[in-house]
Novice: 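Structure below; questions to follow.
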2 protein chains.
Amino acid sequence: MQKLSGYAPLDDVDASHLAAACSSTIDVRADVDLIREGDEPGPVFVMLEGWACRYKMLPEGGRQITAILMPGDFCDMHVAILDRMDHSIATLTPAKVARIGPRRLEALMEDHPTIARAFWWTQLVDEAVLRAWIVSIGRRDAYHRVAHLLTELWARAFSIGRINADTTEMPLTQTEIADACGITAVHANRILKQLHEEGLIAIKKRLLTVANPAALAAAAGFDDNYLHRTLTRGRRPDGRGAVLR
Amino acid sequence: MQKLSGYAPLDDVDASHLAAACSSTIDVRADVDLIREGDEPGPVFVMLEGWACRYKMLPEGGRQITAILMPGDFCDMHVAILDRMDHSIATLTPAKVARIGPRRLEALMEDHPTIARAFWWTQLVDEAVLRAWIVSIGRRDAYHRVAHLLTELWARAFSIGRINADTTEMPLTQTEIADACGITAVHANRILKQLHEEGLIAIKKRLLTVANPAALAAAAGFDDNYLHRTLTRGRRPDGRGAVLR
DNA sequence: CGCGTTTTTGAAGCCCCTCAAGTGTAGTGG
DNA sequence: CCACTACACTTGAGGGGCTTCAAAAACGCG
């Protein structure tokens, strides 16, 4: 499980301390709010098993999911600094969750700089993912948004060793995919159908099969740079934009 | 200027150290990339004067702005942890920018916990703003997106003392507003026209006038909770969603 | 004054939403 | 074993918000 915090190489001592901090766990049903918008931030959560999501409700009744949390993911540290939660977090499946109190977290980061560094790394990656979502929702059509989301989830599942041959768990309902992509459930259904007809994906019983991940990524216009590699450079199409110095 | 880092109350010593770190500044023209996607992260930037934005280009040529940087804003610390920038940062106006090297930043945070805390605070607020943008772009129509953006910029201008009576600087072009809201420049124009006709805003010569900020905020469905206050609670409309415990 | 950029306005069309109904699949309890 | 309920998923038809294409008017700067 803590292989995920293997962003910075953790030695055995660090790893064991981390594991110890996560030793007290609770089991939660699906569709339970771990914390709600407006609440005072409490303990930090760590997903050990199962999925969750960050989301915000609109007064008119719509919901927008802003992040998907998979096993190994954190619900950010240092939320303790803020006075109120600006969003809610809910389980999407039955889940096993570890809770780390603010005090203990503080001590953990103080005593183990490597762990602290790994934490900040995940924080920055989370932010990069948020930016990628903004781009996806703001500038891509529904087809590419859905393909992009599935590709991201696939890549993340891969990085935590959850791909079995060409299949992985995908517990999101079509409504949840829609809420993440900023479209309606009806339209999400049509897009998924199209992706299926094109032979890019197959979803059966909460299992996602992708015969050719590269093809899906290509169709999505996926750029795995935001989880980090080099990228094509070049000026903006309008010819503007010199580089500093 | 450093009043912005007055998130956590900084004493005079901290403030002077912070000011010292920002003492070496450079002047940059408008439309210059401070750093580009794919670059190795260099020094951290602090906006002293002028505006900038984070953005990502799409292969097809579109641009999505993911954040607006105003005087006092940072371009996140600890980017040094990441190997490559996942987005670019460009000035929107002529600007005065301070650069703080990774080493100096590290020392500053090490020696002054209060400053470090203020930095993390800004980091978390930035993330909250990203989430608010996702909600806006994903679930609101163009009218509300634009109104929401203007309200946010107004609120931020207010918090750094840049509101003069009922007017503030608003150097964004309509194309830039469109790139931030995920719409076209043509449509942004029509929305702005509508907001003007409704008497909510007036833009002249890069100056934004808002006679009744509360009315604009109401029209935008703006919830200043994400810069922190309490909020209406309640179950989700589908009746799901119990609270933990 | 002249040129590039920004803003403005019109017209046509498509992507996606809304409304609506119907199918499929579990789980529940008689 | 089979109603009965509750969701998740499907599919169709119609409409509207936003885009695309195009072109003209209004700035702003050297």
Side-chain angles (χ1 to χ4, degrees), chain A residues 29-31 51 58 60-64 92-94 136-147 149 170-197 201-208 236-241, chain B residues 29-31 58 60-64 90-94 136-147 149-150 169-197 201-208 236-242:
Chain A
R29 281 174 296 115
D31 268 304
W51 292 32
L58 288 155
E60 310 86 71
R63 175 166 85 149
Q64 177 66 45
L92 294 168
T93 69
S136 204
I137 296 176
R139 285 287 178 237
R140 284 194 257 256
D141 61 24
Y143 176 89
H144 293 93
R145 290 184 211 181
V146 174
L149 174 66
M170 228 299 292
L172 298 187
T173 66
Q174 293 185 355
T175 300
E176 286 155 355
I177 291 175
D179 284 347
C181 291
I183 59 179
T184 60
V186 171
H187 201 54
N189 177 285
R190 292 194 235 266
I191 299 295
L192 288 170
K193 181 185 174 192
Q194 189 185 343
L195 287 167
H196 178 65
E197 286 169 353
I201 64 166
I203 299 182
K204 256 288 169 1
K205 298 246 187 198
R206 310 277 107 117
L207 291 177
L208 168 65
R236 298 217 303 269
D238 57 6
R240 299 269 213 74
Chain B
R29 282 172 297 112
D31 268 303
L58 288 156
E60 311 85 71
R63 174 167 85 149
Q64 177 66 46
T91 54
L92 294 168
T93 69
S136 204
I137 296 176
R139 284 288 178 235
R140 284 194 259 257
D141 62 22
Y143 176 89
H144 292 93
R145 290 186 211 180
V146 174
L149 175 66
L150 293 178
E169 239 177 290
M170 230 300 292
L172 298 186
T173 66
Q174 295 186 356
T175 299
E176 285 155 356
I177 291 175
D179 284 347
C181 291
I183 58 179
T184 59
V186 170
H187 200 54
N189 177 282
R190 293 193 234 265
I191 299 294
L192 288 169
K193 181 186 174 190
Q194 188 185 345
L195 287 168
H196 178 64
E197 286 169 352
I201 66 167
I203 298 182
K204 254 302 168 351
K205 300 243 188 200
R206 308 278 107 117
L207 291 177
L208 167 66
R236 299 218 303 269
D238 57 7
R240 297 272 212 74

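Keep in mind that this is a model prediction, so the values were computed, not measured. First the proteins, then the strands, lettered A, B, ... as listed; each starts at 1.
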Novice: What string of B, S and - do you get for nucleotides 12-22 of chain C, 5' to 3', if B is base contact, S is sugar-phosphate-only contact and - is no contact with any protein heavy atom under 4.0 Å?
Specialist: ----SSBB---

Novice: B:Ala202: what forms a side-chain contact (heavy atoms from CB on, under 4.5 Å) with it, not counting sequence neighbours?
Specialist: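 In terms of side-chain contact (heavy atoms from CB on, under 4.5 Å), with neighbours along the sequence ignored, B:Ala202 is linked to B:His196, B:Thr209.
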
Novice: Write down the distance between CD (B:Glu176) and C1' (C:dT7), rounded to a whole number of angstrom.
Specialist: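 Going from CD in B:Glu176 over to C1' in C:dT7 covers 13 Å.
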
Novice: Please report the interatomic distance OG1(B:Thr173) to CD1(B:Ile177), rounded to the nearest 0.5 Å.
Specialist: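 The distance works out to 7.0 Å.
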
Novice: Could you state the CG-P distance from A:Asp31 to D:dA6, rounded to the nearest angstrom?
Specialist: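 Taking CG of A:Asp31 and P of D:dA6, I get 16 Å after rounding.
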
Novice: Ignoring hydrogens and angles, write down the donor-acceptor pairs under 3.5 Å from the side chains of residues 178-194 of chain B, residues two or more places apart or on other chains.
Specialist:
unit_1   : atom_1 : unit_2   : atom_2 : d
B:Asp179 : OD1    : A:Arg139 : NH2    : 2.9
B:Asp179 : OD2    : B:Arg63  : NE     : 3.1
B:Thr184 : OG1    : B:His187 : N      : 3.3
B:Asn189 : ND2    : B:Gln174 : OE1    : 3.0
B:Gln194 : NE2    : B:Glu198 : OE2    : 3.3

Novice: I want to check one thing: is the phosphate of C:dT9, taken as OP1 and OP2, less than 4.0 Å away from some side-chain N or O of B:Lys193?
Specialist: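 Looking at the OP1 and OP2 atoms of C:dT9, one of them is under 4.0 Å from a side-chain N or O of B:Lys193.
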
Novice: Nearest-Å distance, CG (B:Leu92) to C1' (C:dT6)?
Specialist: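 In whole Å, C:dT6 C1' and B:Leu92 CG are 15 Å from each other.
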
Novice: Write down the atom of A:Ile137, the atom of A:Gln64, and the distance for their closest heavy-atom approach.
Specialist: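 Answer, listing the atom of A:Ile137 first, then A:Gln64: CD1-NE2, 3.8 Å.
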
Novice: Expressed in angstrom and rounded to an integer, what is the separation of A:Ile177 atom CD1 from D:dC9 atom C1'?
Specialist: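 The answer, rounded to whole Å, is 12 Å.
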
Novice: Are OP1 or OP2 of D:dT10 and a side-chain N or O of A:Asn189 less than 4.0 angstrom apart?
Specialist: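 True: A:Asn189 side-chain N/O within range (under 4.0 Å) of D:dT10 OP1/OP2.
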
Novice: To the nearest 0.5 Å, what is the distance between CG on B:Leu58 and NE2 on A:His144?
Specialist: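 Here the interatomic distance stands at 10.0 Å.
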
Novice: Between the axis at one end of the helix from C:dC1-D:dG30 to C:dG30-D:dC1 and the axis at the other (five pairs apiece), what's the angle to 10 degrees?
Specialist: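 The value is 40°.
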
Novice: Under the 3.5 angstrom rule, does the side chain of B:Thr91 hit a backbone N or O of B:Pro94 as a donor-acceptor pair?
Specialist: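 Here the side-chain-to-backbone pair does not exist.
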
Novice: Between atom CG in B:Leu208 and atom P in C:dT7, what is the gap in whole Å?
Specialist: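 Distance check: B:Leu208 CG to C:dT7 P gives 13 Å.
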
Novice: In terms of side-chain heavy atoms of B:Gln174, which of C:dT6, C:dT8, D:dC9 is nearest?
Specialist: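 Of the candidates, C:dT8 comes closest.
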
Novice: Under the 3.5 angstrom rule, does the side chain of A:Arg140 hit a backbone N or O of A:Arg145 as a donor-acceptor pair?
Specialist: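 Answer holds: no.
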
Novice: What pairs of nitrogen or oxygen atoms, one from the protein and one from nucleotides 23-29 of chain C, lie under 3.5 Å apart?
Specialist:
unit_1 : atom_1 : unit_2   : atom_2 : d
C:dA26 : OP1    : A:Lys205 : NZ     : 2.6

Novice: Rounded to the nearest 0.5 Å, how far does CG of B:Leu207 lie from CD of B:Glu169?
Specialist: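 CG of B:Leu207 is found 7.0 Å from CD of B:Glu169.
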
Novice: Going by side chain to side chain donor-acceptor pair (under 3.5 Å), name the residues that satisfy it together with B:Thr93, two or more places apart in sequence or in a different chain.
Specialist: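 Partners of B:Thr93 by the side chain to side chain donor-acceptor pair (under 3.5 Å) criterion come out as none, since no residue qualifies.
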
